[in-house]
K.L.:
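I have a structure here, written as structure tokens, and I will follow up with some questions on it.
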Amino acid sequence: MELRFDTYYSNEALDERLHWLAERYPRLANLRSIGKSYEGRDLWLMTLTNTATGTDTARPAFWVDGNIHATEVTASMAALYLIHRLLTGYDQDPQITRLLDEQVFYILPRMNPDGAALALADHPRYVRSGTRPYPYEERQEGLHPEDIVGDGHILQMRIPDPTGDWKISERDPRLMVKRRLGEEGGQCYRLFPEGLIEGYDGHIIKMARALEGLDFNRNFPQEWMPEGRQYGAGPFPTSEPEVRAVVEFITTHPNIGAGLTYHTYSRAILRPYGTKSDDEFPVEDLWVFKAIANRGSELTGYRNASVYHDFRYHPKETIKGVFDDWIYDYLGNYAFTVELWDLPTAAGIKDRKFIEWFREHPLSNDEAILEWIDRQNDGAGLVPWRPFDHPQLGPVEIGGWDMMYTWRNPPPRHLLGEIAPQSDFAIAFAALLPRLTWRAVELTPLGAGVYHLLAVIENQGFLPTHISQKAIEIKSVQPVRIELSLPEGAALQSGTLKTEVGHLAGRQNKLSQAYYGTSPTDNRAKAEWTLIAPHGGTLILTAKSERTGTIERRVEL
């Protein structure tokens, strides 16, 4: 079997390759279903760790998911690429080898297989997320996008109308441009997605509310709002089985300390919050978020931004119930939404505003995109207009943008170049998790079967053992504990079998570049015991916390 990254895999093809990788790398990969979709498809999660050196739940974990939105199939391919790179990089790349020996990756390439099945069908239909009818049980009045020509694409329809807001570009007849303010005369058009109109009366054309109106990335518990205040949020938080499966898995795996969720499009690394200003962060967490995002920008070339300040669909509305807000605000874990791919950026349009660009931009930007399509994609994706006898509208023309493989996702030939650098960021981000190690374990005989035992533990990671200040605030992570197990016949004279040593810092609190700064050893802690024990027994030391997992050391008497 081959893995290709110049195509987009169907559910069946993706599942087959995930199973093949798990069978090929049995020591490093385990594939399991963490739940079922609305239509009964498995949600396949790949667990990547070296099982010869420990179990996945006893070590720090990094989460990755993709394709929560139906048409964002680049995301599932980016997750698959990361899986493949980690498996093939073991024993070849020192950092990957260390990560799989000491940590675990939980990767869910396709969180929404039902929606992806529609998007990737021979005759596709595009929905936002899942396929459960919501909030209505039947199609609403208005235009519903679909492949009415039967050519496997959902393109655009243009209808001549003197009051229309679009005109044909003088530069290229395939390209439609907005009618200028005050412009009169000439042939104008109305522009719609290819599709049929429910309840058409011969006059009024409006876009219908989709029958499948759910948005899984509004269904997480964080500041969830009902339908009237948050479109597509579902009847209650985690009402959708796909979202519920993810929330249940993450909350029952407290070793998860950070993660990424892959979406399309904008070529952006987005950080929480969607609903709050930066002023509402614990300041230390905001510094860390920005430091990690800046590293991501260095590795991928993507810009990084705040959702609240830079990525709003409407300047007076906020996005609620999203994954990364939830995992940070409820669990104290760092996470980013990575918006993969961006056609304007690929065409050389620099530093464009994310959402605002679609409301207003110069005509030269459209022409640059056209040039890129012709030069880099042989014109594919912008289809010449052709006459079509619409069953409701009569003579129209169909053509224009094939949105699925131009705007929503890169043309297949450009997929690999887009997703490969993302694995660099995922690996670098995962490497920042706390790394609990034994700095010193010293047993000193005092005579007459009495011993003094010293244990010093150290966090060698960048992030602290509690991950974030938010975790401290919400008490989502308990302090690090050191436990001592005695052999039969042994007894303590001083110390306790279970000792809380607090949380251990990493390097996250040492970001200042001031020359007068100090570097305290707040990443270390120690415990001491005096014990009496028979000769020949074994002492077992264990250090643990939720986000660091467990480490063990045996000491022979």
Side-chain angles (χ1 to χ4, degrees), residues 11 14-15 18 30-48 56-57 61-70 72-73 75-76 78-80 82-83 104-117 127-132 134 214-224 230 232-264 270 272 274 319-338 426 429-430 467 476 546-547:
N11 287 328
L14 177 61
D15 293 354
L18 291 173
N30 174 265
L31 188 66
R32 56 176 153 165
S33 173
I34 61 168
K36 297 282 189 178
S37 69
Y38 168 71
E39 294 184 1
R41 293 182 174 90
D42 283 299
L43 305 177
W44 292 112
L45 180 90
M46 186 72 87
T47 299
L48 300 175
D56 66 284
T57 54
F62 189 79
W63 171 269
V64 176
D65 69 64
N67 216 162
I68 189 173
H69 292 138
E72 297 174 3
V73 290
S76 54
L80 179 63
L82 175 60
I83 291 170
V104 57
F105 289 80
Y106 297 123
I107 304 178
L108 179 66
R110 184 160 284 164
M111 185 176 165
N112 180 11
D114 297 350
V127 299
R128 178 60 169 166
S129 286
T131 58
R132 182 172 75 84
Y134 178 86
L214 288 160
D215 186 335
F216 290 170
N217 206 34
R218 307 293 183 268
N219 192 232
F220 287 89
Q222 171 64 18
E223 295 195 47
W224 178 91
Q230 179 68 80
F236 57 88
T238 72
S239 61
E240 306 316 301
E242 299 88 343
V243 177
R244 189 161 59 251
V246 168
V247 169
E248 182 176 359
F249 182 87
I250 291 176
T251 54
T252 57
H253 287 74
N255 56 324
I256 295 173
L260 295 170
T261 178
Y262 288 143
H263 293 235
T264 69
L270 302 178
I319 304 169
K320 306 168 183 68
V322 302
F323 170 83
D324 49 7
D325 279 14
W326 165 73
I327 202 172
Y328 172 70
D329 213 52
Y330 274 47
L331 302 176
N333 294 339
Y334 291 109
F336 296 88
T337 294
V338 179
F429 187 8
I467 301 296
S476 63
E546 282 83 353
R547 300 295 190 264

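Note that these values count all heavy atoms, side chains included, but never hydrogens, waters or copies made by symmetry.
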K.L.:
Under the 3.5 angstrom rule, does the side chain of Asn255 hit a backbone N or O of Asp56 as a donor-acceptor pair?
P.N.:
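Judged by distance alone, yes, a pair lies under 3.5 Å.
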K.L.:
Please find the pair of heavy atoms, one from Gly115 and one from Val127, that lie closest to each other, and give the distance.
P.N.:
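That closest heavy-atom pairing would be CA-CG2, 4.2 Å.
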K.L.:
Applying side-chain contact (heavy atoms from CB on, under 4.5 Å), run through Gln230 and Trp224 and close with a yes or a no.
P.N.:
CA-CA 8 Å; Gln230 179 68 80; Trp224 178 91; over 6 Å; no
K.L.:
Any chance the rings of Tyr330 and Phe220 have centres within less than 6.0 Å?
P.N.:
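They do not qualify: ring centres at least 6.0 Å apart.
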K.L.:
Going by the rule salt bridge (charged side-chain N to carboxylate O under 4.0 Å, His left out), which residues pair with Glu223 if we only count those two or more places apart in sequence or in a different chain?
P.N.:
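Glu223: no salt bridge (charged side-chain N to carboxylate O under 4.0 Å, His left out) contacts found.
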K.L.:
Grab the two heavy atoms, one from Pro241 and one from Ser37, that are nearest each other, plus how far apart they are.
P.N.:
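Smallest interatomic distance, heavy atoms only, reads CG-C, 4.1 Å.
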K.L.:
With a 4.5 Å heavy-atom cut-off, do Asp215 and His69 have their side chains touching?
P.N.:
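They are in side-chain contact.
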K.L.:
Examine the side chains of Ser76 and Asn67 and answer whether a donor and an acceptor come within less than 3.5 Å of each other.
P.N.:
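There is such a pair (donor and acceptor under 3.5 Å, judged by atom type) between the side chains of Ser76 and Asn67.
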K.L.:
So do the side chains of Leu43 and Met111 get within less than 4.5 Å of each other, counting heavy atoms only?
P.N.:
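No, side chains not in contact.
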K.L.:
Would you check if the side chain of Asn219 reaches a backbone N or O of Ala233 as a donor-acceptor pair within less than 3.5 Å?
P.N.:
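Flag set: sc Asn219 to bb Ala233 pair under 3.5 Å.
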K.L.:
Considering only heavy atoms from C-beta outward, does the side chain of Thr238 approach that of Trp326 to under 4.5 Å?
P.N.:
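A side-chain contact under 4.5 Å is absent here.
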K.L.:
Is Asp42 close to Asp15 at the side-chain level, that is, under 4.5 Å between some pair of heavy atoms?
P.N.:
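Side chain of Asp15 against side chain of Asp42, heavy atoms only: no contact under 4.5 Å found.
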K.L.:
Which distance, rounded to the nearest 0.5 Å, do you find between the CD1 of Ile34 and the CZ of Phe249?
P.N.:
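Result: 6.0 Å between the selected atoms.
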K.L.:
Looking at Gly66, is its backbone amide N or carbonyl O close enough to the side chain of Glu72 to form a donor-acceptor pair, meaning the two atoms are under 3.5 Å apart?
P.N.:
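Checking the backbone N and O of Gly66 against the side chain of Glu72, no donor-acceptor pair under 3.5 Å is found.
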K.L.:
Can you confirm whether Leu260 sits close enough to Phe429 that some side-chain heavy atom of one is under 4.5 Å from a side-chain heavy atom of the other?
P.N.:
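Sidechains of Phe429 and Leu260: in contact.
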K.L.:
For Phe105 and Ile83, run side-chain contact (heavy atoms from CB on, under 4.5 Å): C-alpha distance rounded to whole Å, both residues' side-chain angles, the deciding distance at 0.1 Å, then the answer.
P.N.:
CA-CA 9 Å; Phe105 289 80; Ile83 291 170; over 6 Å; no
K.L.:
Could you measure the distance from the CD1 atom of Ile250 to the CD1 atom of Ile256? Nearest 0.5 Å is fine.
P.N.:
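One gets 5.0 Å once the value is rounded to the nearest 0.5 Å.
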K.L.:
Counting C-beta onward and ignoring hydrogens, is there a side-chain heavy-atom pair between Phe323 and Val246 closer than 4.5 Å?
P.N.:
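SC-SC contact between Phe323 and Val246 confirmed.
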K.L.:
Hey, does the side chain of Glu39 reach the backbone of Asp114 with a donor-acceptor pair shorter than 3.5 angstrom?
P.N.:
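Judged by distance alone, no pair lies under 3.5 Å.
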K.L.:
Side chains of Val338 and His263, heavy atoms from C-beta outward: is any pair under 4.5 Å?
P.N.:
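No. Closest side-chain heavy atoms not under 4.5 Å.
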K.L.:
Less than 4.5 Å apart, any side-chain heavy atom of Asp329 and any of Pro272?
P.N.:
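No. Closest side-chain heavy atoms not under 4.5 Å.
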K.L.:
Distance from Asp65 atom CG to Asn112 atom CG, nearest 0.5 Å?
P.N.:
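One finds 11.0 Å between CG of Asp65 and CG of Asn112.
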K.L.:
Verify whether one side chain among Asp324 and Thr337 offers a donor that lies under 3.5 Å from an acceptor in the other.
P.N.:
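Side-chain D/A pair, Asp324 to Thr337: present.
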K.L.:
Looking at CG of Leu80 and CG of Leu14, how far apart are the two atoms once the value is rounded to the nearest 0.5 Å?
P.N.:
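Leu80 atom CG to Leu14 atom CG measures 6.0 Å (nearest 0.5 Å).
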K.L.:
Using modelled atom types only, decide if a donor and an acceptor are shared between the side chain of Asn11 and the backbone of Pro113 within a distance under 3.5 Å.
P.N.:
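Yes: the side chain of Asn11 pairs with the backbone of Pro113.
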K.L.:
Stepwise, does the side-chain contact (heavy atoms from CB on, under 4.5 Å) test hold for Ile467 with Leu331?
P.N.:
CA-CA 10 Å; Ile467 301 296; Leu331 302 176; over 6 Å; no
K.L.:
Out of curiosity, Gln222 CD to Lys320 NZ, how far, rounded to the nearest 0.5 Å?
P.N.:
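Rounded to the nearest 0.5 Å, the CD-NZ separation comes out at 11.0 Å.
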K.L.:
State which residues pass salt bridge (charged side-chain N to carboxylate O under 4.0 Å, His left out) with Arg132; sequence neighbours excluded, sorted by chain then number.
P.N.:
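Checked Arg132 against salt bridge (charged side-chain N to carboxylate O under 4.0 Å, His left out); matches are Glu240.
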K.L.:
List in chain and number order the residues that pass ring-ring contact (aromatic ring centres under 6.0 Å, His included) with Tyr328, two or more places apart in sequence or in another chain; answer none if no residue qualifies.
P.N.:
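For Tyr328, the residues satisfying ring-ring contact (aromatic ring centres under 6.0 Å, His included) (neighbours in sequence not counted) are Tyr273, Phe281, Phe289.
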K.L.:
Can Thr57 and His253 be said to form a side-chain contact (heavy atoms from CB on, under 4.5 Å), step by step?
P.N.:
CA-CA 7 Å; Thr57 54; His253 287 74; 4.0 Å; yes
K.L.:
Taking all non-hydrogen atoms of both residues into account, name the closest pair between Leu82 and Ala426 and its distance.
P.N.:
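Taking Leu82 first and Ala426 second, the nearest heavy atoms are CD2-CB, 3.8 Å.
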K.L.:
Between the side chain of Arg547 and the main-chain N/O of Pro254, is any donor-acceptor distance below 3.5 Å?
P.N.:
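The answer is yes, because a donor-acceptor pair under 3.5 Å joins these two groups.
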K.L.:
Hey, what do you get for CZ (Arg128) to CG (Leu214), rounding to the nearest 0.5 Å?
P.N.:
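Answer for the CZ-CG pair, Arg128 versus Leu214, is 11.5 Å.
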K.L.:
Return the minimal non-hydrogen interatomic distance between Ile68 and Asn217, and the atom names on each side.
P.N.:
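It is CD1-N, 3.8 Å.
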K.L.:
What closest approach, in Å, do Ser476 and Gly332 show between heavy atoms, and which atom pair accounts for it?
P.N.:
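Looking at all heavy atoms of both residues, the shortest contact is OG-N, 4.4 Å.
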K.L.:
Which atom pair, heavy atoms only, marks the closest approach of Ala61 to Tyr106?
P.N.:
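Closest approach of Ala61 to Tyr106: CB-CE1, 3.5 Å.
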